[in-house]
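Lettering follows sequence order; numbering is per chain, from 1.
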Amino acid sequence: MARHLITSAIPYINGIKHLGNLIGSQLPADLYARYQRARGNEVLFLCATDEHGTPAELAALAANVPVVEYCREMHKVQSELADAFGLSFDFFGRSSSPQNHKLTQHFAGRLHAAGLIYEVTESQIYSVTDNRFLPDRYIAGICPACGYERARGDQCENCTKQLNPTDLINPRSAISGSTDIAMRETKHLYLRQSALKEQLDQWIDEQTDWPILTTSIAKKWLHDGNGLQDRGITRDLDWGIPVKRGAKAWPGMEDKVFYVWFDAPIEYIACAQEWVDSGEGENWKRWWRLDEGADDVRYTQFMGKDNVPFHTLSFPATLIGSGEPWKRVDYIKSFNYLNYDGGQFSTSEGRGVFMDQALALLPADNWRWWLLSNCPENSDSEFTWESFQTGVNKDLADVLGNFVSRITKFCQSKFGNKIPDGGSYGPVENEVISELALRLANYEAAMEGLEIRKSAQELRAIWAVGNEYLQKVAPWVTIRDNPTQAAVQVRLALNLIPLYAILSEPFIPNASKMLLSAMKAPTPTWPIDLDTALKALKPGHVFEVNGPLFSKISDEQRDLWQEQFAGGREST
RNA sequence: GGCGUGGUAGCUCAGUUGGUGAGAGCGCCGGAUUCAUAACCCGGAGGUCGGCGGUUCAAGUCCGCCCCACGCUACCA
């Protein structure tokens with residue numbers, strides 16, 4: 001039995017995520033985790049909220065609650081939405097957990113001992129009014145190049161010119177608008193990533209099977225300009241993990257916290273500890289420590305392309321630099337962006353559909369199916385209401401839902417609510433089974449290879465086989481003069497339903513459950529031998545005939561939703 | 001500016017290491033069918049594979065230049 005460690009990039013705490021965030025890491029990670037579990041493999045699937053950093057502090061400020069409380073509430077909200085979307089995390093942790101505090105400080109101590117951390121005194125912009133140092137993008141002012149009045153300290157959004165905060169004319173705090181800002185000296189810790197460049201470079205070169213998107217981003221950072229740059233790993237904030245060397249104080253760094261990007265990936269490990277400490281799991285080290293049983297683990301990470309540098313370089317640098325035998329990632333699956341109706345999804349502008357809104361409209365499986373079967377694997381892809389409507393109606397309602405509906409109803413009217421008896425599978429049935437075997441192999445290969453769109457296509461083709469078979473043998477005709485033959489045909493078709501349930505479970509877990517419950521069938525194991533699997537429901541086995549598995553999206557609904565979501569979300 | 005990723009049928013996209021007349025889904029047209037959520041099934045039309053040039057017996061696939069879209073560019077995360 002293979003062992004799979006799977007992590008999704010951890011979503012930031014400051015609000016409810018939109019569908020672009022969802023398909024960019026959590027949902028494909030869930031697909032893979034469910035698939036590997038279904039194949040009988042041992043899986044540890046982890047995710048968490050990423051809670052530190054300036055935006056969290058500001059969001060809490062805006063909500064007028066202490067940041068600790070804000071994060072606790074938002075973690076709960078995100079956790080509930082994850083459940084509602086069927087994200088099957090073994091544990092959904094928090095980067096602010098005590099476990100992560102301790103582990104992050106541990107890594108810092110190890111890196112310091114290895115000579116990989118040094119102190120830098122630098123000048124940064126400080127807002128007296130806000131009583132805080134300001135990250136570049138939280139400084140606003142007039143662009144020296146184009147005169148745009150709301151240029152940010154890192155870049156002018158109007159002319160796209162790269163800027164330094166000191167370039168801005170009439171700089172002011174983007175938080176309060178105050179112009180009472182000044183340069184102040186502050187001391188920070190830097191991680192000497194440059195010292196690990198050769199090791200990282202070699203490691204990336206070894207990953208010949210990774211997506212081009214992943215390796216090209218990593219190589220760019222390794223080789224651009226002067227090569228991999230050292231990176232500041234501390235910040236002047238209140239909310240975060242206090243800077244320490246292991247359990248010991250770090251002289252001169254008493255008021256600092258670690259940079260969110262330093263502690264966030266470490267949470268992947270700490271999350272496994274949280275899983276154990278919560279009582280849900282045991283022995284996290286056999287997943288994470290090569291010296292304690294993790295040597296046979298295959299570790300797959302899922303993330304949006306913006307996360308790639310941290311996962312290919314900074315985090316591995318932390319692990320390598322520690323000198324300890326931590327499990328490192330075996331495969332990184334990265335995603336492009338899902339756009340919304342001609343533009344980007346945007347959390348700050350409330351543009352697009354957010355997870356809570358999506359579930360208020362339709363069941364999770366509808367979203368899961370469309371998002372996964374259109375996931376932005378090779379390039380950015382586009383959500384339109386029309387495409388969503390078509391995907392849901394054709395694939396789920398017409399192909400899968402209608403298949404179940406037509407055969408169960410037909411059986412009910414001719415044979416009653418039980419699997420009909422008599423006859424046995426003949427050449428036509430064997431042909432169907434052979435075709436399914438072929439398609440199943442394709443489906444499995446696509447899933448193993450993490451080709452998500454392709455696996456969705458293969459699954460859809462498997463669903464279509466049922467309709468093709470019915471169309472070909474036409475039991476509604478057969479039954480007129482050969483009821484036994486019709487019984488055989490109906491029996492095979494009904495046996496496809498539990499098969500479809502198990503094969504479709506990674507994509508549409510709730511519908512899968514409904515199928516099994518309608519057939520009154522226990523959860524089948526992944527089919528090894530289709531001939532056997534398609535005889536699982538014996539003659540006489542009783543089932544239920546339910547209403548439609550998926551209802552369709554009408555043109556009126558589509559137009560209404562399109563209209564409704566055109567204006568953007570009301571800010572909360 | 002630098003780097004990256006894309007530009008293939010009306011739309012959304014597949015197209016392994018260059019090799020029989022370029023594919024899928026949707027849409028459209030036609031046919032068949034009536035068990036079913038006016039669903040399903042079969043067939044068809046439709047593309048000078050962004051442009052120009054080159055390598056080759058042979059290029060959507062390799063090379064060069066150009067055009068277009070999007071993304072990243074290290075203190076947002």
Side-chain angles (χ1 to χ4, degrees), chain A residues 9-14 50 52-56 58 122 124-125 133-139 152-155 160-162 164-165 174 188 193 211-213 215-217 219-221 223-225 228-232 235-236 259-261 264 304-310 313-314 336-337 339 344 347-348 373-374 377-382 384 386-387 389-391 393-414 451 453-454 456-457 460-461 464 466-472 474-479 486 489-490 493 547-552:
Chain A
I10 64 179
Y12 199 67
I13 193 72
N14 68 341
D50 177 16
H52 299 132
T54 309
L58 296 180
E122 53 197 8
Q124 284 192 355
I125 292 183
F133 283 95
L134 297 175
D136 289 357
R137 72 162 43 197
Y138 284 97
I139 301 156
R152 291 189 324 221
D154 57 343
Q155 185 178 38
T160 74
K161 186 179 166 58
Q162 302 286 305
N164 287 314
H188 283 298
Q193 298 185 140
I212 293 171
L213 182 65
T215 49
S216 67
I217 292 173
K219 284 182 179 169
K220 188 215 160 212
W221 281 54
H223 301 299
D224 241 29
L228 187 60
Q229 302 295 298
D230 294 341
R231 188 157 195 131
R235 291 291 183 273
D236 287 292
Y259 175 41
V260 52
W261 263 116
K305 57 186 169 184
D306 52 332
N307 276 292
V308 169
F310 302 99
L313 304 169
S314 314
N336 287 283
Y337 293 139
N339 291 320
Q344 288 194 3
T347 302
S348 57
S373 58
N374 291 278
E377 274 179 301
N378 297 323
S379 60
D380 291 356
S381 65
E382 170 111 348
T384 62
E386 199 175 345
S387 167
Q389 179 196 27
T390 305
N393 289 359
K394 291 300 293 183
D395 299 345
L396 295 181
D398 292 348
V399 176
L400 177 60
N402 182 48
F403 168 72
V404 174
S405 178
R406 69 194 293 199
I407 190 58
T408 51
K409 285 185 179 175
F410 180 75
C411 182
Q412 179 182 44
S413 72
K414 304 298 180 189
E451 298 176 276
R453 277 175 180 253
K454 191 172 177 186
Q457 278 179 20
R460 188 191 190 279
N467 286 315
E468 289 161 17
Y469 173 70
L470 287 185
Q471 213 61 39
K472 184 171 180 181
W476 49 91
V477 175
T478 317
I479 196 156
Q489 294 163 350
V490 170
L549 190 59
F550 295 99
S551 49
K552 293 198 190 190

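- Looking at heavy-atom distances under 4.0 Å, A:Asp306 makes contact with a base.
- Two residues, A:Tyr337 and A:Arg231, neighbour RNA chain B, and the one matched to the more 5' nucleotide by heavy-atom proximity is A:Tyr337.
- Among the heavy atoms of the strands lying under 4.0 Å from A:Lys305 are primed sugar atoms or P, OP1, OP2 only; no base atom is included.
- Within a 6.0 Å radius of CD in A:Glu451, more than 12 heavy atoms belonging to other residues, nucleotides or ligands are found.
- Across all strands shown, B:rA24 forms a Watson-Crick or G-U wobble pair, both distances under 3.5 Å, with B:rU12.
- Taking the C1' atoms as reference points, B:rC42 lies 23 Å from B:rG21, given to the whole Å.
- If you take atom P in B:rG44 and the same atom in B:rG60, they sit 24 Å apart, rounded to whole Å.
- The distance from the CZ atom of A:Arg231 to the NE2 atom of A:His188 is 13.5 Å, given to the nearest 0.5 Å.
- Residue-level contact check: A:Ser413 touches neither bases nor backbone, having no heavy atom under 4.0 Å from any strand.
- As the counterpart of B:rC40, no nucleotide is assigned, since no Watson-Crick or G-U wobble pattern has both distances under 3.5 Å.
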side-chain contact (heavy atoms from CB on, under 4.5 Å) assessment of A:Tyr138 paired with A:Ile125: CA-CA 10 Å; A:Tyr138 284 97; A:Ile125 292 183; over 6 Å; no
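- Both distances falling under 3.5 Å, in either a Watson-Crick or a G-U wobble arrangement, place B:rC3 opposite B:rG71.
- The phosphate of B:rC26 has OP1 or OP2 within less than 4.0 Å of a side-chain N or O from A:Arg460.
- Taking only side-chain atoms of A:Tyr259, from C-beta outward, the nucleotide of B:rA74, B:rC26, B:rA77 with the closest atom is B:rA77.
- Considering only side-chain atoms of A:Arg453, the nucleotide from B:rU12, B:rC26, B:rA74 that sits closest is B:rU12.
- A distance of about 11 Å separates the P atoms of B:rA22 and B:rC49, rounded to the whole Å.
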Protein-nucleotides 40-47 of chain B N/O pairs under 3.5 Å:
residue: B:rC40; atom: OP1; partner: A:Lys394; partner atom: NZ; Å: 2.6
residue: B:rC40; atom: O2'; partner: A:Arg406; partner atom: NH1; Å: 2.6
residue: B:rC40; atom: O2'; partner: A:Gln471; partner atom: OE1; Å: 3.4
residue: B:rC40; atom: O2; partner: A:Gln471; partner atom: OE1; Å: 3.0
residue: B:rC40; atom: O2; partner: A:Gln471; partner atom: NE2; Å: 3.2

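- A:Ser405 comes within 4.0 angstrom of a base, heavy atoms only.
- Contacts of A:Pro548 with the nucleic acid, taken as non-hydrogen atoms under 4.0 Å apart, include base atoms.
- Put simply, the side chain of A:Glu386 and the base of B:rC26 share no donor and acceptor less than 3.5 Å apart.
- Residue contacts for A:Gly232: at a heavy-atom cut-off of 4.0 Å it reaches no nucleic acid atom on any strand shown.
- Stacking between A:Trp476 and the base of B:rC35 is present: ring centres sit under 5.5 Å apart and the planes differ by under 30 degrees.
- Regarding A:Ile13, its CD1 atom lies at a distance of 13 Å from the C1' atom of B:rA77, rounded to whole Å.
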Output a table of nitrogen or oxygen pairs between the protein and nucleotides 6-8 of chain B separated by less than 3.5 Å.
none

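- Rounded to whole Å, the C1' atom of B:rU34 lies 12 Å from the corresponding atom of B:rC41.
- Across all strands, A:Leu549 comes closer than 4.0 Å to base atoms (heavy-atom distances).
- Between A:Phe310 and A:Trp261, the angle of the ring planes stays under 30°, which puts this pair in the parallel group of the 30/60° scheme.
- Across all strands shown, nothing is found opposite B:rG60 as a Watson-Crick or G-U wobble partner with both distances under 3.5 Å.
- Backbone-only engagement by A:Lys409 is indicated by non-hydrogen atom pairs under 4.0 Å involving sugar-phosphate atoms exclusively.
- A donor-acceptor pair under 3.5 Å is absent between the side-chain atoms of A:Ser405 and the main chain of A:Gly401, judged by distance alone.
- The partner of B:rC65, taking Watson-Crick or G-U wobble pairs whose two distances both stay under 3.5 Å, is B:rG51.
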